[in-house]
Visitor: 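Starting off with a structure, shown below.
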Protein chains: 2
Amino acid sequence: MTATDLVAETQGGADDPRTLHQQVLARLRQSILLGRIEPGQALTIRGLAVELGVSAMPVREALRQLVAERALELMDNRRVRIPPMTIERFDDLIAARVVLEAEAAARAMPYVNEALIARLEAEDAELNKAVAERDYDRWIGANYAFHSMLYGAAGQSAFLPLIESLWLQIGPFLRRAMRTISGHYTVDRHSEALAALRRRDTMALRIAIEADIRDGIAHIGSTLIRSEALGAGAARGPSTSSGRADVVRETV
Amino acid sequence: MTATDLVAETQGGADDPRTLHQQVLARLRQSILLGRIEPGQALTIRGLAVELGVSAMPVREALRQLVAERALELMDNRRVRIPPMTIERFDDLIAARVVLEAEAAARAMPYVNEALIARLEAEDAELNKAVAERDYDRWIGANYAFHSMLYGAAGQSAFLPLIESLWLQIGPFLRRAMRTISGHYTVDRHSEALAALRRRDTMALRIAIEADIRDGIAHIGSTLIRSEALGAGAARGPSTSSGRADVVRETV
DNA sequence: CCGGCAAAAATGTGATCACATGGCGGCATG
DNA sequence: CATGCCGCCATGTGATCACATTTTTGCCGG
C-alpha cells in the first residue's frame with residue numbers, strides 16, 4: 001500500500017470537489033478528534049506530505065488552520081505539536097464546553113422535531129453499540145455526531161465551530177482516559193437528553209448535556225494529576241523520518 | 001509612501017522576530033476587529049500581498065488562519081470574504097459572547113488583585129476618553145483591551161481564543177452601528193464591572209459583563225433589520241485591481 | 001565511558017512558477 | 001438597443017526551489 005492509497009481509500013477520490021488542503025485538513029482533524037495522534041508525536045510538514053501523498057503546500061495550509069483552531073500549537077522553534085494538557089487548561093476546556101454546549105442545545109430546542117429526535121436516537125443506538133463492542137473510534141464518532149446533530153438543528157450556528165475547537169483540543173487526551181473508564185459508563189445521559197427533547201424541556205436538556213459532558217470526561221482530570229503536563233516534551237516519540245512515518249501510517 | 005512602508009511604519013520592523021505570515025495575520029486581524037474592512041470588499045491574495053509589500057505566501061497563510069477563526073469565509077468560488085451578517089447569526093454571536101465572557105469573567109475572579117483592577121481602571125479611562133473624542137478605533141481597541149485583560153487574568157485561558165473569534169466575526173459590523181448609537185452610551189457598564197471586582201462579587205460581575213455586551217451592540221440588530229443580510233453580495237466594492245488597492249490602502 | 005563540538009541532515013519559511021478555473025468586458029447578432 | 005457568446009485577464013491552487021535555522025548524528029578528546 002502506498003501512501004497515496006491511504007488518502008484515497010478512506011475518503012476523497014480523484015474527483016473530490018474539495019481542494020487538496022481541505023481534504024488534508026479533514027483527515028488531520030479527524031485524526032486529532034479521535035485521538036489517533038499522540039500528544040508528543042512529531043508533526044512535520046514534509047513528513048505528513050509524504051504520508052498523505054501530497055506536496056508540502058496543502059499540508060502547510062492545513063496545519064495553519066489547525067493551529068488557528070487551537071488543535072495544534074506553534075512552538076517557538078516554529079514546529080507544530082499537540083498542545084500539552086494541564087489541569088488548568090483541561091478545566092477551562094470543560095467549563096467552556098459546558099456553557100457553550102448547554103446554550104447551543106437550549107437554542108436548538110425550537111427546531112426540534114420528530115425527525116431530528118429519530119436521527120438522534122439512531123445515533124445514540126450506534127453509540128451504545130460501539131460502547132458495547134469497545135470500538136473506541138465509533139464511540140467517539142457517534143458521540144460527536146450526536147452532539148453536533150443537536151447543536152446544528154437550527155442550521156449553521158455560530159456555536160458549532162467554537163465547540164468543534166474545544167473537541168479538537170480535548171480529543172488527543174480522551175482516548176487514554178476512555179480506556180480506564182470504559183466500564184463506568186453506567187448512566188446514559190443521552191437518553192436523558194432525548195427524554196428532555198421529547199418533553200421540550202429546555203432546562204432538563206441543559207442539565208442532561210452538562211451531565212453528559214462532565215460524566216464522560218470527569219476521570220481524565222485524575223489521569224492528568226498522575227502525569228502533570230501531559231505530552232509536554234519528554235514524551236517525544238521516535239524522531240527519525242522512518243520511525244515517524246511508521247507511527248503516523250497507522251494513526252493518521 | 002510605498003506599500004512596504006505601510007507595513008513597517010505601524011508595527012513589525014525588519015528585526016521583528018515573528019514570521020511574515022504572523023505579522024500579516026496580526027495586521028489583517030486588527031483591521032477586521034476595528035471594522036476597517038468593508039463586508040463586501042474584495043480580498044485577494046495578490047492584492048493584499050502587493051498592498052502589504054510581501055509575497056503571496058504569507059498572505060495565503062494568514063487568510064487561511066482567519067478563515068479558520070471564522071473571521072473570513074471561503075466561498076464556493078474559492079474566494080474569501082467577510083461573512084455576510086444575518087439577524088440569526090448575529091443573535092448567535094451575541095449569545096455565545098454572553099455565555100463565554102460571563103463565564104470567563106467569573107473564572108478570572110480568583111486571580112483579581114489590586115494591580116489588575118488598577119490596569120483595568122486605566123483602560124476604562126482610556127476608553128471613556130476615546131468615546132468623548134469620538135475616536136472609534138481607540139474606543140474599540142480599549143474596549144477589547146479591557147475585556148481581554150480581565151479574561152486573561154488567570155494566564156492563558158482556553159476562553160480567550162474563542163472570544164476573540166467572536167469579536168472578529170462581529171467587528172466588521174460594529175463600526176456602522178457604533179456611529180448611530182455613539183450618543184446612547186449613558187450607562188458605564190465597565191464601572192459596574194469594576195465595582196463588582198472590588199467587592200469580589202462574581203454574580204454582579206457576570207451581570208455587568210452581560211449588560212455591557214448587550215448594551216454595546218443591541219442596536220445593531222435593528223440596523224440589520226433595515227438591511228437584511230448585510231454585505232451579502234450587492235454591496236460589492238470596486239473590483240478592478242486599482243480600485244481595490246485604493247480602498248485597502250486606507251483601511252488595512 | 002561520558003561530554004561537548006562540528007558536520008550533516010532535516011525542517012520551516014518565503015518566493016516564484018505553471019495551470020485550471022472563473023469573472024468580466026467587448027463584440028457580434030437578433 | 002438588448003442579449004448572448006467568446007476571449008482575455010485576474011485569481012486560487014498546488015508544486016518546486018533556495019535559504020536560514022534547528023536538530024540530529026557522529027566523532028574526538030578527556
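Chain letters run A, B, ... following the sequence lines, proteins first, then strands; residues in each count from 1.
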Visitor: Suppose we screen for side chain to side chain donor-acceptor pair (under 3.5 Å). Which residues come up paired with B/T19, at least two apart in sequence or across chains?
Guide: B/H21, B/Q22
Visitor: Between A/R81 and A/Q41, do the side chains contain a donor N or O and an acceptor N or O under 3.5 Å apart?
Guide: no
Visitor: In this structure, how many angstroms lie between the C1' atom of C/dT11 and the CD atom of A/E51, rounded?
Guide: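 Going from A/E51 (CD) to C/dT11 (C1'), I get 17 Å.
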Visitor: I'd like a list of close polar pairs between nucleotides 14-16 of chain D and the protein, N/O only, cut-off under 3.5 Å.
Guide:
| residue | atom | partner | partner atom | Å |
| --- | --- | --- | --- | --- |
| D/dG14 | OP1 | A/L20 | N | 2.2 |
| D/dG14 | N7 | B/R60 | NH1 | 3.1 |
| D/dG14 | N7 | B/R60 | NH2 | 3.1 |
| D/dG14 | O6 | B/R60 | NH1 | 3.3 |
| D/dA15 | OP2 | A/S55 | N | 3.3 |
| D/dA15 | OP2 | A/S55 | OG | 2.1 |
| D/dA15 | O5' | A/S55 | OG | 3.2 |

Visitor: Can you list everything that forms a side chain to side chain donor-acceptor pair (under 3.5 Å) with B/D91? Sequence neighbours excluded, please.
Guide: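 Per chain and number, B/D91 pairs via side chain to side chain donor-acceptor pair (under 3.5 Å) with A/R107.
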Visitor: Test of understanding: with side chain to side chain donor-acceptor pair (under 3.5 Å), list the residues that count as partners of A/Q156, not counting sequence neighbours.
Guide: none
Visitor: Which pairs pass salt bridge (Lys or Arg N to Asp or Glu O under 4.0 Å) with one or both residues in residues 144-168 of chain B, sequence neighbours excluded?
Guide: B/R29-B/E164
Visitor: Roughly, in whole Å, what's the span from CG in B/L74 to C1' in D/dT11?
Guide: 13 Å
Visitor: My understanding is that only residues two or more places apart in sequence, or in another chain, count here; which of them pass salt bridge (charged side-chain N to carboxylate O under 4.0 Å, His left out) with A/E61?
Guide: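 Here the qualifying residues are B/R60, B/R64.
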Visitor: For B/Q23 and C/dT13, give me the distance from atom CD to atom P, rounded to whole Å.
Guide: 13 Å
Visitor: Calculate the interatomic distance between A/R81 atom CZ and D/dT23 atom C1'; express it in whole Å.
Guide: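 Computing the A/R81:CZ to D/dT23:C1' distance gives 16 Å.
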Visitor: Measure all distances between protein nitrogen or oxygen atoms and nitrogen or oxygen atoms of nucleotides 18-22 of chain C, and list the pairs falling under 3.5 Å.
Guide:
none

Visitor: What is the distance from CG of B/L43 to P of D/dA10, rounded to the nearest Å?
Guide: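 In whole Å, D/dA10 P lies 18 Å from B/L43 CG.
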Visitor: What residues form a salt bridge (charged side-chain N to carboxylate O under 4.0 Å, His left out) with A/R138, not counting sequence neighbours?
Guide: A/E126, A/E133, A/D135
Visitor: Please identify each residue that fulfils side chain to side chain contact (heavy atoms under 4.5 Å, CB included) with A/L33, with sequence neighbours left out.
Guide: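 By the side chain to side chain contact (heavy atoms under 4.5 Å, CB included) rule, A/L33 matches A/Y144, A/W167, A/L168.
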Visitor: Test of understanding: with salt bridge (charged side-chain N to carboxylate O under 4.0 Å, His left out), list the residues that count as partners of B/R70, not counting sequence neighbours.
Guide: none
Visitor: Taking side chain as C-beta onward, heavy atoms only, is A/V98 less than 4.5 Å from B/E103?
Guide: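 With C-beta onward as the side chain, the pair stays apart.
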Visitor: Where does DNA chain C form stems of at least three consecutive Watson-Crick or G-U wobble pairs, each pair having both distances below 3.5 Å?
Guide: C:1-30 with D:1-30
Visitor: Taking salt bridge (charged side-chain N to carboxylate O under 4.0 Å, His left out) as the test, write out the residues that go with B/E123, two or more places apart.
Guide: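 Per chain and number, B/E123 pairs via salt bridge (charged side-chain N to carboxylate O under 4.0 Å, His left out) with no residue.
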